[in-house]
> 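Pasting in a structure now, in structure tokens, and then I'll have a few things to ask.
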Amino acid sequence: MNVKRVVSGDGSLQVSQTVIPLEGSGGELGKKAVLFLTRLIESIKKAETEQQVVEYYYIICGYGICCKECGFLTEKSLEDLMHLVEHIVDLEMDRTGASGKG
């Protein structure tokens, strides 16, 4: 996993990019499966409640394991990807929890 950050002159973060090399096989079907997985991960940000965040997390876990078992992702790629997902889930749990308490 590579993380690239661009910081402004005053030290504030302007851009952050995380690149996870997704290695595996499966041809066109594998590419479509991994693309769908990335869309699922992006969908976490649309969750409105903590429960929805948790549901997305479980769906992503299951789909990710399925992609690994089919050979679309290697064990290392899935591990790196899930670390990123866990970070996103933590952020979204904070966001949805704060909005649900108001």
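Sequence positions, counted from 1, serve as the residue numbers for this chain.
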> Distance from Met82 atom CE to His87 atom NE2, nearest 0.5 Å?
14.0 Å
> Answer whether the closest heavy-atom distance between the side chains of Val89 and Ile60 falls below 4.5 Å.
no
> Could you pull out all residues at least two apart from Glu28 that satisfy salt bridge (charged side-chain N to carboxylate O under 4.0 Å, His left out)?
none
> Is it the case that one hydrophobic cluster holds both Leu91 and Ile59, taking links as side-chain heavy atoms less than 4.5 Å apart, direct or via other members?
no
> Search all heavy atoms of Val53 against all heavy atoms of Ala47 and return the closest pair with its distance.
CG2-CB, 3.6 Å
> Quick one, Leu81 and Ile41 - any side-chain contact, counting heavy atoms below 4.5 Å?
yes
> Between Arg95 and Ile44, what is the shortest heavy-atom contact and its length?
NH2-O, 4.1 Å
> What is the distance from atom OG of Ser77 to atom CZ of Phe72, rounded to the nearest 0.5 Å?
13.5 Å
> Output all residues satisfying salt bridge (charged side-chain N to carboxylate O under 4.0 Å, His left out) with Lys45, sequence neighbours left out; order by chain, then residue number.
Glu42
> First locate atom CG of Leu78, then atom CG of Leu37, and finally report the distance between them rounded to the nearest 0.5 Å.
8.0 Å
> Quick one: closest heavy-atom pair of Glu48 and Gln52, and the distance?
N-OE1, 2.5 Å
> Using the rule given for side chain to side chain contact (heavy atoms under 4.5 Å, CB included), can you reason through Lys31 versus Leu35, listing the C-alpha separation, both sets of side-chain angles and the distance that settles it, and then say yes or no?
CA-CA 6 Å; Lys31 288 178 187 177; Leu35 180 61; over 6 Å; no
> Is there any salt bridge (charged side-chain N to carboxylate O under 4.0 Å, His left out) pair reaching into residues 56-67, and which pairs are they, with sequence neighbours excluded?
none
> Only pairs at least two apart or in different chains count here, so list each side-chain hydrogen bond (donor to acceptor under 3.5 Å, both in side chains) that has a residue in residues 55-66.
Gln51-Glu55
> Rounded to the nearest 0.5 Å, what separation is found between the CD atom of Glu86 and the CE atom of Met93?
13.0 Å
